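Shown next, in structure tokens, is the structure this report addresses.
As the structure is a computational prediction, the values presented were derived from the model and not from experiment.
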Amino acid sequence: MIKLAITTTLAAALMTTSALAATWSVTEQSASGIKYASGTWNISNEGDKVTGKADLQLDNGSVLTYKLDGSNAGGVYTVNLVGRDDGKKNCVWTGKAADGLGGKVFSGEAVCEGTKMTIRGGLQ
């Protein structure tokens with residue numbers, strides 16, 4: 001009986017931990033320079049804190065990586081895109097659920113020093 005209780009508790013803890021991690025399919029679109037990138041965001045949510053890593057490919061074939069650090073408050077994500085390989089600095093993405101897509105797709109604008117881009121991501 002004790003073994004069953006311990007196993008059940010461990011299984012519940014593992015499911016809760018894995019539910020906090022998610023992989024999103026992501027696209028970035030900019031009006032200038034590299035116009036398009038696509039790939040994934042691997043995100044961890046702990047309460048309202050969001051952290052993770054981005055792995056994308058630019059339209060010229062180059063790889064783009066950066067870290068994610070931000071929050072999710074009331075369904076609105078505010079995420080710093082830290083250490084971008086493409087040299088864009090001080091980028092902050094604000095995204096919310098896209099209308100009519102059941103809260104699984106998030107879209108919004110990222111503002112960086114000297115440029116803006118649209119980022120759209122969906123849970124895989």
| How about Gln29: does its CD atom have over 12 heavy atoms from other parts shown lying under 6.0 Å from it? |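 Counting other residues, nucleotides and ligands, CD of Gln29 stays at 12 neighbours or fewer.
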| said: Is it the case that over 12 heavy atoms from other parts of the model lie below 6.0 angstrom from the NZ atom of Lys116? | reply: no
Distance (rounded to the nearest 0.5 Å) between [X] [atom1] and [Y] [atom2]:
| X | Y | atom1 | atom2 | value |
| --- | --- | --- | --- | --- |
| Cys112 | Met117 | SG | CE | 3.5 Å |
| Asp59 | Ser30 | CG | OG | 9.5 Å |
| Asp85 | Leu64 | CG | CG | 5.5 Å |

Do [X] and [Y] make a side-chain contact, defined as non-hydrogen atoms from C-beta onward lying under 4.5 Å apart?
| X | Y | answer |
| --- | --- | --- |
| Ser107 | Lys96 | no |
| Arg120 | Val26 | no |
| Leu81 | Val92 | no |

| query | Shared ILVMFWY cluster between Leu58 and Trp24, side chains joined below 4.5 angstrom? | reply | yes
| query | Should Leu56 and Leu123 be counted in the same cluster of Ile, Leu, Val, Met, Phe, Trp and Tyr side chains packed under 4.5 Å apart? | reply | yes
| After noting the C-alpha distance and the side-chain angles of Val50 and Ile43, does the key distance pass the side-chain contact (heavy atoms from CB on, under 4.5 Å) rule? | CA-CA 7 Å; Val50 177; Ile43 295 177; 3.6 Å; yes
| side-chain contact (heavy atoms from CB on, under 4.5 Å) between Val76 and Thr94: does it pass, once the steps are laid out? | CA-CA 7 Å; Val76 177; Thr94 303; 3.9 Å; yes
| request: Identify the heavy atoms of Leu68 and Lys53 that sit nearest to each other, and give their distance. | output: CD1-N, 3.9 Å
| task | Using distance alone, with no hydrogens and no angle criterion, decide if Asp69 and Thr51 have a side-chain donor and acceptor under 3.5 Å apart. | result |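 Distance-only check fails for Asp69 and Thr51.
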| query | Would you say the side-chain atoms of Thr23 and Asn42 include a donor-acceptor pair closer than 3.5 Å? | reply | yes
| task | Apply salt bridge (charged side-chain N to carboxylate O under 4.0 Å, His left out) to the pair Glu28 and Arg84, showing each step before the final yes or no. | result | CA-CA 13 Å; Glu28 294 185 0; Arg84 292 178 61 98; 2.9 Å; yes
| said: Angle between ring planes, Trp93 versus Trp41, binned at 30° and 60°: parallel, tilted or perpendicular? | reply: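 Ring orientation of Trp93 relative to Trp41: perpendicular.
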| said: Treating Asn60 as the side-chain partner and Ser62 as the backbone partner, does any N or O pair qualify as donor plus acceptor under 3.5 Å? | reply: yes
| query | Has the side chain of Asn90 got a donor or acceptor atom that lies under 3.5 Å from a matching backbone atom of Glu113? | reply |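 Not a single qualifying donor-acceptor pair exists.
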| Yes or no on side-chain contact (heavy atoms from CB on, under 4.5 Å) for Tyr77 and Asn72, after CA distance, side-chain angles and deciding distance? | CA-CA 4 Å; Tyr77 284 85; Asn72 177 5; 3.3 Å; yes
| request: Would you please test Lys88 and Thr115 for side-chain contact (heavy atoms from CB on, under 4.5 Å) and show each step? | output: CA-CA 8 Å; Lys88 289 183 174 137; Thr115 189; 3.9 Å; yes
